[in-house]
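Order of the sequence lines fixes the chain letters, A, B, ..., with proteins taken first and strands second; residue numbering starts at 1 for each chain. For clarity, every value in this text was computed on a predicted model and none was experimentally measured. Side chains included, hydrogens not; waters and symmetry mates left out as well; all remaining heavy atoms used.
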Amino acid sequence: MIPAPFQYEAAESAGHALDLLARHGEDAKLLAGGHSLLPMMKLRLAVPSVVIDIGRVEELAGIRADGDDLVIGATTCHADVAASDLVRSQTPLLAYAAAQVGDPQIRHRGTIGGSLAHADPAADLPMALVALGGSMEISGPAGRRTVAADDFFAGFFETSLQPDELLTAVRVPRHPGPDWGYQKFVRRANDWAIVGVAAAGGRIALANMGPVPVRATAAEQALAGGASVADAAAMAAEGTDPAEDIHADRAYRQHLARVLTRRALEHQKG
Amino acid sequence: MQIKLTVNGEPRSDEVEPRLLLVHYLREQCGLRAANVGCDTTSCGACTVLLNGKSVKSCTMLAVQAAGQEITTAEGLAAGGELHPVQQAFRQEHGLQCGFCTPGMVMAAAGLLAENPHPTEAEVREGLEGNFCRCTGYHNIVRAVLSAAGSMSA
């Protein structure tokens, strides 16, 4: 499968990428690792007339500490997030989540910003960012803005990013302790989650339990009110409306959400 | 457009269409046919090559994204006509059956051993998670990678 023809522009800086976006508008797509965009272009699910390559923009990659947060450049690949001593020690849930994406080859190319902007509700990183209470740093013609992960995901494969905006970095609060859990239920190696759960510090995020990664708010409130892990986990599917597909129907996904939430709250990793 | 890159140690400059996939560039413009197009959906790993020493799937990368980078294919592993230890180990341990997945397996294994020279058996199996062998010859493939790790550190 070969993508439809497009005009290729290599951005030299974040500012250059924004200029190109402003010039080409909705006809343009940003390309970093290309591991969400290129498969969609090969299937003609995406047919941009202009592709703006930000893969060589150095200022968009890298991991640094900033006070109580870690700031991870949007084009940092999953393998670098997973292997980073800073991420592993300060936000181990995020390092673990990055290591669950796809397979080694995919993790060498796929980027954290790309995965978040793609906004697949079954993916690892959107769920991880919601569980950690992270946020997105976005640049556009009007300047910079920061959007909490809770507000970033607007719908099925849809975010609050505007066509002329660039996701430049991801901000994640440090959460160094051992009190986190991660559960990804798959039937095949390197697949997306049938249901996923990430839990950290009283926050619980669910993958593939709706059109966006969602918080298990009833379970969170129960926990905050002193309920046992088992009693809180029993409420994990409340208010969810998961899609049905070949892998699971609605009731099965809700069952998985309850079971996996209990395991995640017991700090199990799997 | 014009791209400059290094393929198997040789600098190259080629005219490519932006939509040309790296695997098609390697096979059709460079004449390097070790990397196979298997699933064409980033799943099977038959098209695996090394990009600056890291394993990547060349069906999910544009040739223009490789501009300025170093690509190594299975043809480039056998320096001076001598098989790379991973290639030797695949032969010795019978790590192939039909052979279709083999170039991708060898490149994924070479990339794995560059990152982790002494993997456990479990780490080899997880490290080759992105490569399918539809003959299901995984046991000998894993054995070959462990054997290569031993011979490379000897």
Hey, does B:Asp40 have a side-chain heavy atom less than 4.5 Å from the side chain of A:Lys42?
-> yes
Among B:Thr42, B:Asn131, B:Thr60, which residue meets the side chain to side chain donor-acceptor pair (under 3.5 Å) test with A:Gln105?
->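 Looking at B:Thr42, B:Asn131, B:Thr60, the match for A:Gln105 under the side chain to side chain donor-acceptor pair (under 3.5 Å) is B:Asn131.
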Under a 4.5 Å heavy-atom cut-off, does chain A meet the side chain of B:Met61, its backbone, both or neither?
->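 Both parts, backbone and side chain.
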Measuring heavy-atom distances to chain A, does B:Leu20 have an atom under 4.5 Å in its side chain, in its backbone, in both, or in neither?
->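 For B:Leu20, no heavy atom lies under 4.5 Å from chain A.
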[X] atom [atom1], over 12 foreign heavy atoms within 6.0 Å:
| X | atom1 | value |
| --- | --- | --- |
| B:Gln2 | CD | yes |
| B:Arg91 | CZ | no |
| B:Lys4 | NZ | no |
| B:Arg125 | CZ | yes |
| B:Glu115 | CD | yes |
| A:Glu244 | CD | yes |
| A:Glu26 | CD | no |
| A:Arg44 | CZ | yes |

Can you check side-chain contact (heavy atoms from CB on, under 4.5 Å) on A:Leu38 and B:Lys57, steps first, answer last?
-> CA-CA 12 Å; A:Leu38 291 177; B:Lys57 294 182 175 178; over 6 Å; no
Return the minimal non-hydrogen interatomic distance between B:Gly130 and A:Pro104, and the atom names on each side.
->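 So the two residues come closest at N-CD, 4.3 Å.
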B:Glu129 and A:Gly102 have their tightest heavy-atom pair at OE1-O, 3.7 Å
So which of B:Ala67, B:Gly111, B:Gly45 has the largest heavy-atom pair count under 4.5 angstrom toward chain A?
-> B:Ala67
Among A:Met1, A:Gln7, A:Met41, which has the most heavy-atom pairs under 4.5 Å with chain B?
-> A:Met1
Region of [X] in contact with chain B, defined by heavy-atom distances below 4.5 Å:
| X | result |
| --- | --- |
| A:Ala99 | neither |
| A:Leu31 | side chain |
| A:Ala10 | neither |

Rounded distance (nearest 0.5 Å) linking atom [atom1] of [X] with atom [atom2] of [Y]:
| X | Y | atom1 | atom2 | result |
| --- | --- | --- | --- | --- |
| B:Asn52 | A:His108 | CG | NE2 | 11.0 Å |
| B:Lys54 | A:Arg107 | NZ | CZ | 12.0 Å |
| A:Ile2 | B:Cys59 | CD1 | SG | 12.0 Å |

Close contacts, residues 189-196 of chain A versus chain B, judged by heavy atoms under 4.5 Å |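 So the qualifying residues are A:Ala189, A:Asn190.
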Sub-3.5 Å donor-acceptor pair from the side chain of B:Glu17 to the main-chain atoms of A:Phe6, do we have one?
->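 Between the backbone of A:Phe6 and the side chain of B:Glu17 there is no qualifying donor-acceptor contact (under 3.5 Å).
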Ignoring hydrogens and geometry, is there a side-chain-to-backbone donor-acceptor pair from A:Arg56 to B:Gly68 under 3.5 Å?
-> no
